[in-house]
Amino acid sequence: MISGALARRYARALIGLAKNPVQRDKFAKDLLGLAGIVKQRDKDGASILSVLTADRFPLAQRQKLAATFARRVAADPTVVKFVDVVLQNGRIDGIAQIASAYQRMADDVAGRVQAHITSASPLPMDAVAKIKTALSAATGKQVVTTQSVDPELIGGVAVKVGSFVLDGSVRATLAQLREELRA
């Protein structure tokens with residue numbers, strides 16, 4: 001793990017290498033793909049990241065392994081070189097933080113914001129569209145949504161935009177009512 005400030009510094013360096021918005025978004029996709037791959041574990045429970053950070057393996061072998069996984073996600077050559085530099089600097093354990101920081105920066109530059117919608121059951125497309133429209137009006141940015149289902153919500157939705165959470169679920173309403181009755 002690396003600090004948030006260091007992850008942002010690496011992310012800022014990579015975002016500066018993107019020549020256009022399409023390439024910037026490609027870099028984000030590549031980094032997130034690589035971060036996902038290195039989290040995977042083998043049958044013995046060892047993660048790829050643990051191999052990439054292990055000093056007992058020569059740097060050349062770890063670079064070769066990282067390049068193999070970069071090819072697996074069809075990473076841009078600039079991202080491959082970037083990951084190589086991160087590996088050489090001994091910061092590969094922070095690839096997930098760098099990818100997250102890069103995604104936030106790329107979204108900010110593009111005028112986007114990520115929102116995660118959690119509902120008790122799958123939402124119809126028109127409901128998602130209404131939520132996106134409302135969030136777009138509130139933030140003044142294009143909203144990119146991801147969704148998940150959590151039956152424990154009982155009903156309603158919870159929306160997370162950055163660090164802001166709007167919880168309109170039945171579970172949250174019942175918890176608030178419980179607290180009010182205790183007072």
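As a basis for the values below, the full set of heavy atoms in this structure was taken, side chains included, without hydrogen atoms, waters or symmetry mates. The structure displayed is predicted, hence computed values, not measured ones.
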> Please determine whether side chain to side chain contact (heavy atoms under 4.5 Å, CB included) holds for the pair Gln63 and Gln88, giving the CA-CA distance in whole Å, both sets of side-chain angles, and the decisive distance to 0.1 Å.
CA-CA 8 Å; Gln63 288 172 308; Gln88 286 177 31; 3.1 Å; yes

> Is Ser136 reaching over with its side chain to a backbone N or O of Lys132, donor-acceptor style, under 3.5 angstrom?
no

> Quick one: are Lys81 and Thr78 in side-chain contact, heavy atoms under 4.5 Å?
no

> Decide, yes or no, whether a salt bridge links Asp150 with Arg171 under the criterion of side-chain N to carboxylate O below 4.0 Å.
yes

> Any heavy-atom pair between the side chains of Met105 and Arg8 that's under 4.5 Å?
yes

> Where is the tightest heavy-atom contact between Leu65 and Val51, given as atom of each residue plus distance?
CD2-CG1, 3.7 Å

> Compare every heavy atom of Val157 with every heavy atom of Ser119, then report the nearest pair and how far apart it is.
CB-CG1, 3.8 Å

> Do Val86 and Ile48 belong to the same hydrophobic cluster, where Ile, Leu, Val, Met, Phe, Trp and Tyr are linked whenever their side-chain heavy atoms lie under 4.5 Å apart, directly or via other members?
yes

> Taking the six-membered ring for Trp, are Tyr102 and Phe27 parallel (under 30°), tilted (30 to 60°) or perpendicular (over 60°)?
tilted

> Does the side chain of Val38 come within less than 4.5 Å of Ile92's, by heavy atoms?
no

> Under the 3.5 angstrom rule, does the side chain of Arg62 hit a backbone N or O of Leu87 as a donor-acceptor pair?
no

> Are Leu34 and Leu17 connected, step by step, through hydrophobic side chains (Ile, Leu, Val, Met, Phe, Trp, Tyr) whose heavy atoms are closer than 4.5 Å?
yes

> Which value, rounded to the nearest 0.5 Å, describes the distance between Asp84 atom CG and Lys64 atom NZ?
13.5 Å

> Answer yes or no: is there an ion pair linking Arg112 with Asp25, defined by an N-O contact shorter than 4.0 Å?
yes

> Any chance you could measure Met125, atom CE, to Lys130, atom NZ, to the nearest 0.5 Å?
13.5 Å

> Determine yes or no for a side-chain-to-main-chain donor-acceptor pair under 3.5 angstrom, with Asp30 supplying the side chain and Val79 the backbone.
no

> Out of curiosity, Thr53 OG1 to Ile95 CD1, how far, rounded to the nearest 0.5 Å?
12.5 Å

> Before you tell me yes or no, could you show the steps for Phe164 and Val159 under side chain to side chain contact (heavy atoms under 4.5 Å, CB included), namely the whole-Å CA-CA distance, both residues' side-chain angles and the distance that decides it to 0.1 Å?
CA-CA 8 Å; Phe164 181 75; Val159 179; over 6 Å; no

> Is the number of heavy atoms from other residues, nucleotides or ligands within 6.0 Å of CD (Glu180) greater than 12?
yes

> I need the minimum non-hydrogen distance between Val83 and Ala66, along with the two atoms involved.
CG1-CB, 4.3 Å

> With hydrophobic residues grouped by side-chain heavy-atom distances under 4.5 Å, do Leu14 and Val73 end up in a single group?
yes

> Hey, does the side chain of Ser50 reach the backbone of Ala46 with a donor-acceptor pair shorter than 3.5 angstrom?
no

> Got a second to check how far Leu52's CG is from Phe57's CZ, nearest 0.5 Å?
10.0 Å

> Would you call Ile131 and Ile117 a side-chain contact if the rule is heavy atoms closer than 4.5 Å?
yes

> Begin with the C-alpha distance, continue with both residues' side-chain angles, and end with the deciding distance and a verdict on side chain to side chain contact (heavy atoms under 4.5 Å, CB included) for Leu135 and Val113.
CA-CA 9 Å; Leu135 290 173; Val113 65; over 6 Å; no

> I'd like to know if the side chain of Gln23 and the backbone of Lys19 have a donor-acceptor N/O pair within less than 3.5 Å.
yes

> Can you see which heavy atom on Ala115 is nearest to which on Val161, and at what distance?
CB-CG2, 3.7 Å

> To the nearest 0.5 Å, how far apart are CZ in Arg41 and CG in Leu49?
9.0 Å

> Just so I know, are the side chains of Ser47 and Lys39 near enough to count as touching, which here means a heavy-atom distance under 4.5 Å?
no

> Count I, L, V, M, F, W, Y as connected when their side-chain heavy atoms are under 4.5 Å apart, and connections chain through other members. Are Leu32 and Phe69 then in the same cluster?
no

> Nearest 0.5 angstrom please: Asp76 CG to Lys29 NZ, how far?
11.0 Å

> Can Asp108 and Arg104 be counted as an ion pair, charged N to O under 4.0 angstrom?
no

> Please report the shortest heavy-atom distance between Lys26 and Ala75, naming the atom on each side.
NZ-CA, 4.1 Å

> What closest approach, in Å, do Gly90 and Asp93 show between heavy atoms, and which atom pair accounts for it?
O-OD1, 3.9 Å

> Hey, mind stepping through His116 and Thr145 against side chain to side chain contact (heavy atoms under 4.5 Å, CB included) and telling me if it holds?
CA-CA 6 Å; His116 184 77; Thr145 60; over 6 Å; no

> Any link between Leu6 and Ile98 through a network of hydrophobic side chains (Ile, Leu, Val, Met, Phe, Trp, Tyr) touching at under 4.5 Å?
yes

> Using a cut-off of 6.0 Å, state whether more than 12 heavy atoms not belonging to Lys141 lie near its atom NZ.
yes

> Kindly indicate whether the side chain of Arg72, heavy atoms from C-beta on, has any atom under 4.5 Å from the side chain of Ile37.
yes

